[in-house]
Undergrad: 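Could you have a look at this structure, given as structure tokens, before my questions?
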Amino acid sequence: MLNLNTNKFAVSSRSRSNRGAQPSLRLTSLVDMLTILLVFLLKSYSADGQIISLSEDLQLPTSTASKTPVSAPVIKITNEFIMLDDLNVATVKEIFDNSKLEIVGLRRALATQKQISTDLGKIDASLAFKGDITIQGDKKIPFRILKKIMYTCGQEGYNNIYLAVIKQG
Amino acid sequence: MNLRRSVQSRRKGGDDVNVTPVMNLFLVLIPFLLLTAEFIKISVHELALPSKSQQTTQAPEKNKKELVIILLRIDEKGFELKAPFMKPPKIPMQSGKKYDWAQLETELQKIKKRHGSTEDITIQPSELIQYETIVNLMDKCRDSGFPNISVSG
């Protein structure tokens, strides 16, 4: 009844001779693909990982600059808001219309940040306040906004400004 | 069975290479590399503002060298360069509201030839210049041999 090895279907001589042997998969093309993938991934390999996380609501300008980013507080300038480490400190419109050079909200936030890093510096010298700050600005923001932010940073002692850009090529 | 198989494959031409260890290696390597891969590379432009304490210490040092101030003004009409002993022409915008980057580069190189030891340049953008344009301008300055860029309002 349960004779599975029927003679109803014609079995080719090759498969008959292979019966019982382990079937082997053709892996060559898969290995080829994986090799290409491996080379591609090795090219985009980075040992130190991402120090800065990209913000979704702003587009950084592209540049040929090659300096690697440092870990520092980040000021984000989107089309609507100015943020220090994801804390909203001012709106772009309000700053643009204001004639004063200093951004009060940003300065207050920077002062708090500075206080924290100075306090941390007493515990661990590698965390001490160095005056570094990273600016992530949308590529469409006018210089008027940037100027005010740079002025405010300078007033609070953040003198080493790093402008984050997307590396070209 | 094995003998028959190998005889058969030899007749067919060439034995199969055992790729299983290679596959194992790939299976480990690829997730690892995917984790460490960086698809968008971020780099930074460094801008150092003069600080109150640095100004006093650096000033006598700078006086020893020949102090050359190169100014690069940019507004809605185009570029304007200023360098000592030189009169670079104004670089107006091209038709279609595009900045004339090529012309700027040649002028910057002329200045670099005249003041070879200088690496400082000051960019003065007008208020409505877009951030992207300023970054492009900084790229051009650095490529032309002026890596110490400062921005003044």
Side-chain angles (χ1 to χ4, degrees), chain A residues 14 17-18 20-21 24 26-28 30-31 34-35 37-38 40-42 44-47 49-52 54 60-70 77 101 131 134-135 137-148 150-151 153-154 157-167, chain B residues 1-2 4-5 8-9 12 16-20 22-23 25-27 29-54 74-75 123-140 142-143 147 149 151-153:
Chain A
R14 194 184 149 208
S17 68
N18 270 353
S24 71
R26 292 258 159 235
L27 289 173
T28 324
L30 190 63
V31 173
L34 289 177
T35 314
L37 198 63
L38 196 72
F40 169 71
L41 287 176
L42 271 175
S44 57
Y45 175 77
S46 85
Q50 277 192 332
I51 293 175
I52 304 177
L54 263 178
L60 292 181
T62 51
S63 157
T64 54
S66 53
K67 205 163 232 162
T68 46
V70 293
I77 318 162
L101 210 50
T134 309
I135 295 181
D138 190 274
K139 59 185 181 184
K140 297 274 181 253
I141 57 156
F143 180 65
R144 186 179 164 90
I145 302 288
L146 197 68
K147 183 173 74 177
K148 288 182 178 183
M150 278 159 53
Y151 174 81
C153 291
Y158 286 93
N159 291 310
N160 304 326
I161 295 176
Y162 296 95
L163 301 177
V165 287
I166 289 175
K167 198 174 173 181
Chain B
M1 204 51 124
N2 270 337
R4 205 203 296 173
R5 205 174 143 209
Q8 199 184 44
S9 62
K12 271 193 293 181
D16 270 353
V17 182
N18 191 6
V19 282
T20 325
V22 185
M23 294 293 295
L25 183 72
F26 279 159
L27 273 182
L29 266 180
I30 284 174
F32 170 71
L33 287 174
L34 266 175
L35 281 178
T36 55
E38 210 176 20
F39 297 106
I40 298 168
K41 286 208 169 89
I42 297 180
S43 54
V44 288
H45 262 298
E46 200 176 351
L47 261 186
L49 296 183
S51 70
K52 284 163 199 161
S53 55
Q54 269 181 353
I74 169 170
D75 52 29
I123 298 176
Q124 273 189 320
S126 76
E127 296 228 308
L128 292 175
I129 297 298
Q130 284 180 356
Y131 181 44
E132 191 181 24
T133 318
I134 299 169
V135 170
N136 285 344
L137 199 60
M138 288 167 78
D139 278 346
K140 286 281 179 295
R142 213 199 38 227
D143 293 346
I149 302 161
V151 175
S152 86

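Atoms considered below: every heavy atom in the structure, side chains included; atoms not considered: hydrogens, waters and symmetry mates. Every chain is numbered from 1 and lettered A, B, ... according to where its sequence line falls, protein lines coming before strand lines.
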Undergrad: Between B/Ile30 and chain A, with a heavy-atom cut-off of 4.5 Å, which part of the residue counts as in contact: side chain, backbone, both or neither?
TA: both

Undergrad: Quick check: do A/Met150 and B/Leu47 have side-chain heavy atoms less than 4.5 Å from each other?
TA: yes

Undergrad: Just so I know, are the side chains of B/Val44 and A/Leu163 near enough to count as touching, which here means a heavy-atom distance under 4.5 Å?
TA: no

Undergrad: Are the side chains of B/Gln130 and A/Ile141 in contact, using a 4.5 Å heavy-atom criterion?
TA: no

Undergrad: With side-chain contact (heavy atoms from CB on, under 4.5 Å) as the criterion, how do A/Thr35 and B/Phe26 come out once you've worked through the C-alpha distance, each side chain's angles and the decisive distance to 0.1 Å?
TA: CA-CA 8 Å; A/Thr35 314; B/Phe26 279 159; 3.7 Å; yes

Undergrad: Side chain, backbone, both or neither: which part of B/Ser126 has an atom under 4.5 Å from a heavy atom of chain A?
TA: backbone

Undergrad: Residues two or more places apart in sequence or in another chain: which of them pass side chain to side chain donor-acceptor pair (under 3.5 Å) with A/Lys140?
TA: none

Undergrad: Just verifying a value: how many Å separate A/Tyr45 OH and B/Leu34 CG, rounded to the nearest 0.5 Å?
TA: 13.0 Å

Undergrad: Counting only non-hydrogen atoms closer than 4.5 Å, does A/Ser66 touch chain B with its backbone (N, CA, C, O), its side chain (CB onward), both, or neither?
TA: backbone

Undergrad: Go through it in stages, so that I can follow the logic: the residues are A/Leu146 and B/Tyr131, the test is side-chain contact (heavy atoms from CB on, under 4.5 Å), and I'd like the CA-CA distance, side-chain angles, deciding distance and then a yes or no.
TA: CA-CA 8 Å; A/Leu146 197 68; B/Tyr131 181 44; 3.7 Å; yes

Undergrad: Is it the side chain or the backbone of A/Phe40 that comes within 4.5 Å of chain B heavy atoms, both, or neither?
TA: side chain

Undergrad: Partners of B/Gln124 by side chain to side chain donor-acceptor pair (under 3.5 Å), sequence neighbours excluded?
TA: B/Arg73, B/Ser152

Undergrad: Which pair of heavy atoms, one from B/Asp139 and one from A/Thr64, lies closest together, and at what distance?
TA: OD2-N, 3.1 Å

Undergrad: Does B/Ile42 form a side-chain contact (heavy atoms from CB on, under 4.5 Å) with A/Lys167? I'd like the steps, not just the answer.
TA: CA-CA 5 Å; B/Ile42 297 180; A/Lys167 198 174 173 181; over 6 Å; no

Undergrad: So how far is it from B/Asn136 CG to A/Lys139 NZ, rounded to the nearest 0.5 Å?
TA: 9.5 Å

Undergrad: Just so I know, are the side chains of B/Glu132 and A/Asp138 near enough to count as touching, which here means a heavy-atom distance under 4.5 Å?
TA: no

Undergrad: Is there a donor-acceptor pair closer than 3.5 Å between any side-chain N or O of B/Ser43 and the backbone N or O of A/Ala65?
TA: yes

Undergrad: Hey, are the side chains of A/Ser63 and B/His45 touching, using non-hydrogen atoms and a 4.5 Å cut-off?
TA: yes

Undergrad: Nearest 0.5 Å, what's the OG1-NZ distance between A/Thr68 and B/Lys41?
TA: 12.0 Å

Undergrad: Quick one: are B/Glu46 and A/Tyr162 in side-chain contact, heavy atoms under 4.5 Å?
TA: yes

Undergrad: Counting only non-hydrogen atoms closer than 4.5 Å, does A/Leu37 touch chain B with its backbone (N, CA, C, O), its side chain (CB onward), both, or neither?
TA: side chain

Undergrad: Check whether A/Leu30 gets within reach of chain B through its side chain, its backbone, both or neither, counting any heavy atom under 4.5 Å.
TA: side chain

Undergrad: Would you say the side chain of B/Phe32 lies within less than 4.5 Å of the side chain of A/Leu41, judging by non-hydrogen atoms?
TA: no

